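Inspection log for the structure reproduced underneath, given as structure tokens.
Keep in mind it's a predicted model, so treat the numbers as computed, not measured. Order of the sequence lines sets the chain letters (A, B, ...), proteins ahead of strands, with each chain counted from 1.
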Protein chains: 2
Amino acid sequence: MSSDADGAPARPGGRTARNTAAVLDATLAELGDSGYAGLTVERIAARSGVHKATVYRRWGGVDGLLAASLARSREDGWAPRRTGALRGDLAALGHEVVLGFTGSDLRSVPAAAISAAFQSDRAADALRAFFADRHERSAAVVTEAIERGEAPAGTDPCEVVRAAVAPLYYRLCVSREPVAAADVDRAARLAADAAGTGAFVPPAA
Amino acid sequence: MSSDADGAPARPGGRTARNTAAVLDATLAELGDSGYAGLTVERIAARSGVHKATVYRRWGGVDGLLAASLARSREDGWAPRRTGALRGDLAALGHEVVLGFTGSDLRSVPAAAISAAFQSDRAADALRAFFADRHERSAAVVTEAIERGEAPAGTDPCEVVRAAVAPLYYRLCVSREPVAAADVDRAARLAADAAGTGAFVPPAA
DNA sequence: CTCATAACGCGACCATAGTTGCACTAGTGA
DNA sequence: TCACTAGTGCAACTATGGTCGCGTTATGAG
């Protein structure tokens with residue numbers, strides 16, 4: 001076989017690289033225009049100038065395109081903001097999450113990926129990897145807080161991050177309720193306070 | 001016009017009622033077989049014995065079918081389990097949520113609805129209404145806990161419920177991580193403890 | 001019972017997502 | 001520079017989701 005949807009192409013230079021960039025850029029652009037519901041391979045192919053059959057062969061479909069976009073976005077050097085205190089760091093994280101969902105100029109890639117993950121195992125795997133990466137990067141603000149004495153040693157950093165953002169995702173894509181700034185701050189405060197009392201130290205430790 | 005997707009049919013007796021029941025039952029059955037990704041009007045029509053065109057006319061598509069199923073499931077008299085203490089009640093709630101997602105015999109209607117809500121405003125509205133109803137019913141365990149003195153008066157009951165289930169939904173459909181029983185219990189404990197310290201009393205009160 | 005018509009069944013129809021075989025272009029190693 | 005072939009473009013094709021017009025059935029009111 002020549003190339004594979006998940007494996008890297010055996011001849012990654014020149015035209016192939018240009019096509020990859022063009023198609024993934026077009027994917028993001030189409031996503032911004034029509035959202036994931038209106039995402040079609042034909043439109044992406046037309047917009048990128050790459051032929052439809054090529055897109056199907058390399059990525060398999062919209063789910064593969066989204067998985068690739070997610071994987072690429074994992075290499076954008078994202079890092080959490082620092083405010084000097086755990087509660088503020090978590091709140092900043094939360095506001096970023098909400099902005100990513102409601103930003104009108106670019107309908108969120110994460111939102112599209114969450115949607116796609118319900119229909120495709122490939123997208124689900126990509127999403128899992130994406131969030132594992134995000135958790136790992138975000139955990140830095142918690143480990144730093146532990147070093148500052150804001151939380152006891154042994155605290156599970158990822159769990160604190162999850163606690164801070166979960167209520168926001170819950171409102172955004174499960175219960176479909178509006179999210180106010182106060183909701184973000186409350187979730188951050190709750191997570192930070194619980195961390196301070198050692199609530200995220202695993203029982204076995 | 002005769003009937004509408006959202007409005008009730010003007011002639012709801014006899015055949016129409018039979019068709020409605022047959023189609024919605026077939027929708028749930030198909031959902032159990034193939035999940036939401038493989039849900040198609042043609043198969044539902046074939047399975048129910050109702051003609052494809054009729055289904056499209058009455059429900060508009062799979063999203064309408066799902067919205068109707070959700071609305072119907074809202075009248076099943078669901079109520080939260082009682083264990084005698086807030087933490088146990090919330091944990092029971094959480095375990096039910098997880099079971100609903102992983103139950104293999106019937107791939108969760110909520111999960112399908114969450115997926116559909118990303119693609120259809122109608123499904124999103126139905127989902128919002130569904131969760132508003134669930135929140136309201138679940139809130140009872142919190143108000144009873146307040147009466148027992150487990151949490152201060154003024155505590156927002158729905159917010160406690162959200163805090164208990166949000167981390168589970170987050171793992172199940174956002175970060176796609178496995179959910180262990182310990183995760184459910186931790187979320188319940190966290191929410192109950194925070195409620196006990198008055199963390200869910202709105203600042204203005 | 002009778003009648004107007006809401007709701008339905010039916011089949012033909014259109015649009016488009018996704019596939020396939022073939023010819024060709026252009027990376028890549030020698 | 002040359003040969004090999006991975007990767008691409010192209011166009012025709014299949015499959016199927018969704019629509020439409022029309023004749024038929026049967027509900028509910030009088």
Could you please name the option among [options] that lies closest to any side-chain atom of [X]?
X: Thr40(B); options: dC22(D), dG17(D), dG18(C); answer: dG17(D)
X: Glu42(B); options: dT8(D), dG18(D), dG18(C); answer: dG18(D)
X: Arg15(A); options: dG11(C), dA7(C), dG27(C); answer: dG27(C)

In this structure, how many angstroms lie between the [atom2] atom of [N] and the [atom1] atom of [X], rounded?
X: Lys52(B); N: dG18(D); atom1: NZ; atom2: P; answer: 9 Å
X: Tyr56(B); N: dC20(D); atom1: OH; atom2: P; answer: 12 Å
X: Arg57(B); N: dT24(D); atom1: CZ; atom2: C1'; answer: 12 Å
X: His51(B); N: dG18(D); atom1: NE2; atom2: P; answer: 15 Å
X: Leu39(A); N: dG18(C); atom1: CG; atom2: C1'; answer: 15 Å
X: Arg58(B); N: dA6(C); atom1: CZ; atom2: P; answer: 15 Å
X: Ile44(A); N: dG18(C); atom1: CD1; atom2: P; answer: 11 Å

(request) Report the relative orientation of the aromatic rings in Phe131(B) and Tyr170(A); use parallel for angles under 30°, tilted for 30 to 60°, perpendicular for over 60°. (result)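 Perpendicular.
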(request) May I ask you to decide if the ring planes of Phe118(A) and Phe118(B) are parallel, tilted or perpendicular, using 30° and 60° as cut-offs? (result)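 Phe118(A) vs Phe118(B) ring planes: tilted.
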(request) Map Thr20(A) and Arg18(B) onto DNA chain D by nearest heavy atom, then report which one ends up closer to the 5' terminus. (result)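 Nearer the 5' end of the strand: Thr20(A).
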(message) Check this one for me: any side-chain N or O of Thr16(B) less than 4.0 Å away from OP1 or OP2 of dA7(C)?
(response)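 For Thr16(B), the contact criterion (side-chain N or O under 4.0 Å from OP1 or OP2 of dA7(C)) is not met.
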(request) Look at Asn19(B) and dA7(C) and indicate whether a side-chain polar atom (N or O) is within less than 4.0 Å of OP1 or OP2. (result)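 It does not, given that no N or O in the side chain of Asn19(B) lies less than 4.0 Å from OP1 or OP2 of dA7(C).
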(request) Check the surroundings of atom CZ in Arg81(B): do more than 12 heavy atoms from other residues, nucleotides or ligands lie under 6.0 Å from it? (result) no
(message) Under 4.0 Å, heavy atoms only, any strand: does Arg43(B) hit a base, just the sugar-phosphate, or nothing?
(response) nothing
(message) Let me confirm one number: the CZ-CG distance from Arg134(B) to Leu93(B), rounded to the nearest 0.5 Å.
(response)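 Taking CZ in Arg134(B) and CG in Leu93(B), the distance rounds to 9.5 Å.
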(message) Pairing donors with acceptors under 3.5 angstrom, does anything connect the side chains of Thr20(B) and Arg58(B)?
(response)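 Yes, Arg58(B) and Thr20(B) have a side-chain donor paired with an acceptor closer than 3.5 Å.
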